[in-house]
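Working notes, structure below.
Since the structure is predicted, the reported quantities are computational estimates derived from the model, not experimental observations. As the structure lists them, so they are numbered: ligands from 1, and atoms in each ligand from 1.
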Amino acid sequence: MKVILLRFGELYLKGNNRQIFENTLITNIKKMLDGESFKFEKTFGRYVISNYNEQREKAIVEKLKKVFGLYSLSLADEVNAEQSAIIERVAEVKCDGTFKVFVKRADKNFQPGSMEFAKLLGEVVLKNNPKSSVDLYNPEMSIFVDIRLNGKAYIFDNVIKCQGGLPLGSSGHGLLLLSGGIDSPVAGYLMAKRGMTLDALHFHSYPYTSEQAKEKVITLAGKLCEYVGNIRLHIVSFTRVQEEIHKHCKPEYMITIMRRIMMRVAQELCKKYSMGAIITGESLGQVASQTMQSMTVTGSVVKDTPIFRPCIAMDKEDIMKIAKEIDTYQTSILPYEDCCTVFLPKNPVIKPTFEKAAGEERFLDVDELVCQCLQGEEIIDITK
Ligand code: ATP
Ligand code: MG
């Protein structure tokens, strides 16, 4: 019988929590395959998907490749865990080049032992494929026989890498600061990969930024949904904040103050909706607002919520690679302006200080500006 054999990664690290993690993972797998018909079986160390429509196999595999917590999968044949049944199936393997047989026994009662059985099965392949030969070090084809504790053995020649990470929903809920750029969708993806579900917060500066810029962010959130599940997108107008800063503060401190106000708004939303972390796409040294000093001064306005910056140590190239893999890149590079590019100063400060930032903020009614941002909050629920 044709099946898809699923392996999960770090779950074994979780001791007593293992059950909760596994249940979350299983729920997520079933949710991801919603609309497909299939049978799901859990056995020690593996999940098995069977009785699916073979014409949907490719689509099902693509869906499973998006489930965080799954480590790899194989398209396999399931037979009874008996020598004769396994030999019969291995005798059908077609191989014209070099190969190696790998036997793994979760069921240690199965006899013969792994090495001996691999050798025996190798002889079966050789006998049925005159052009084949064994290469133990660099085989062209790997034939795996995985004997499990459910009385079944799985035979396959492929191992397809999946996302890894932890099941979505097992690491709390965070607020992603989502711009229209390349980095922040990747930051959201990376946190979700560690099991965190997400809301997103976008600041726009209409009419300085266009309606298309907002649409772009909605599209990006939609693409993230494929991996992250449903996302509640909070859209907040930043126009008045920017006008006020532009009017009253030194141009070189404009971005620092903007970011501090963004952080305060994010913190308030976290409190209001019980979210446990703020996430940004910042990367050390990428631009003036992402130097260590800049991030210290902007981060310092947030007191009770951690700020996670999963891209902090990544090169732009590496961030772009992930953006392409998760299909956000092409949308991110559309040329609509972000609110950060409105009134952009020529020489933003690279090493801002707490004192000077606070000094500039004295020219503003910061609390009132934050309050206004929150009052104008628009909510869009983005679903898959
Ligand atoms: P990105 O590619 O994510 O836009 P960036 O390299 O352009 O990042 P900045 O514009 O300095 O960098 O923004 C740094 C981070 O601040 C972003 O990754 C994002 O988390 C947040 N951010 C910037 N602009 C906005 C916005 N308009 N709305 C929400 N968050 C924003
Ligand atoms: Mg940006």
Side-chain angles (χ1 to χ4, degrees), residues 174-191 198-206 208-221 223-224 231-239 241-242 245 254-270 277-292 294-295 297-299 301-302 307-312 314-324 326 328-345 348-350 352 373 376-378 380:
L175 178 63
L176 169 67
L177 267 66
L178 184 61
S179 69
I182 295 168
D183 307 329
S184 45
V186 171
Y189 160 82
L190 288 172
M191 292 317 299
L198 301 177
D199 273 25
L201 166 60
H202 177 68
F203 295 94
H204 73 89
S205 296
Y206 189 77
Y208 303 107
T209 59
S210 60
E211 195 58 34
Q212 287 151 309
K214 186 169 139 186
E215 285 303 319
K216 176 180 172 181
V217 170
I218 293 171
T219 307
L220 283 174
K223 294 201 175 255
L224 269 183
I231 296 177
R232 173 161 282 194
L233 174 61
H234 308 258
I235 299 189
V236 166
S237 170
F238 217 47
T239 314
V241 173
Q242 287 187 282
I245 299 174
M254 169 132 202
I255 292 188
T256 310
I257 309 298
M258 262 174 56
R259 298 219 154 275
R260 280 162 65 96
I261 296 182
M262 279 186 180
M263 285 296 178
R264 289 178 175 107
V265 173
Q267 177 170 241
E268 290 308 314
L269 283 180
C270 282
I278 295 170
I279 301 152
T280 80
E282 288 161 308
S283 164
L284 186 62
Q286 198 186 75
V287 287
S289 60
Q290 295 175 31
T291 62
M292 206 157 65
S294 288
M295 286 186 281
V297 171
T298 51
V301 299
V302 176
I307 302 172
F308 292 149
R309 300 175 170 96
C311 300
I312 196 72
M314 293 172 73
D315 291 347
K316 194 77 184 186
E317 285 288 310
D318 299 328
I319 299 173
M320 279 161 55
K321 190 165 166 252
I322 297 178
K324 285 174 188 165
I326 62 172
T328 52
Y329 182 78
Q330 288 303 331
T331 307
S332 289
I333 58 173
L334 293 173
Y336 309 120
E337 59 299 306
D338 181 48
C339 73
C340 293
T341 55
V342 177
F343 307 128
L344 195 70
V349 59
I350 290 172
C373 282
E377 176 198 9
E378 178 191 352
I380 304 177

Audit row: Cys311, Glu282, side chain to side chain contact (heavy atoms under 4.5 Å, CB included) steps and yes/no: CA-CA 6 Å; Cys311 300; Glu282 288 161 308; over 6 Å; no
For ligand 1, note which part of Ser289 has a heavy atom under 4.0 Å away: side chain, backbone, both or neither. side chain
Does Leu201 approach ligand 1 within less than 4.0 angstrom via side chain, backbone, both or neither, non-hydrogen atoms only? backbone
Quick one: which ligand 1 atoms are inside 4.0 Å of a heavy atom on Gly281? 17 (C), 18 (O), 20 (O)
Can you name the atoms of ligand 1, numbered from 1 with element, that are less than 4.0 Å from a heavy atom of Thr280? 20 (O)
Just jot down the side chain to side chain donor-acceptor pair (under 3.5 Å) partners of Gln267, sequence neighbours excluded, or say none. none
Please determine if Leu177 has a nitrogen or oxygen closer than 3.5 Å to a nitrogen or oxygen of ligand 1. yes
Flag Phe203 as yes when one of its N or O atoms lies below 3.5 Å from any N or O atom of ligand 1, and as no otherwise. yes
Counting heavy atoms only, name the option from [options] that's nearest to [atom].
| atom | options | result |
| --- | --- | --- |
| atom 2 (O) of ligand 1 | Leu178, Ile279, Asp183 | Asp183 |
| atom 12 (O) of ligand 1 | Gln286, Gln290, Glu282, Met258 | Gln290 |
| atom 23 (C) of ligand 1 | His204, Arg309, His202, Arg259 | Arg259 |
| atom 25 (C) of ligand 1 | Ser179, Ala266, Ala187 | Ser179 |

For the pair Ser332 (side chain) and Gly181 (backbone), establish whether a donor and an acceptor sit closer than 3.5 Å, ignoring hydrogens and angles. yes
Quick one: do Glu378 and Lys214 satisfy salt bridge (Lys or Arg N to Asp or Glu O under 4.0 Å)? Show the steps, please. CA-CA 12 Å; Glu378 178 191 352; Lys214 186 169 139 186; 3.1 Å; yes
Applying the side-chain contact (heavy atoms from CB on, under 4.5 Å) test to Ile261, which of Ile245, Val301, Thr256 qualifies? Ile245
Taking salt bridge (charged side-chain N to carboxylate O under 4.0 Å, His left out) as the test, write out the residues that go with Lys223, two or more places apart. Asp327
Taking every non-hydrogen atom, the tightest pair across His202 and Gly180: CE1-N, 4.5 Å
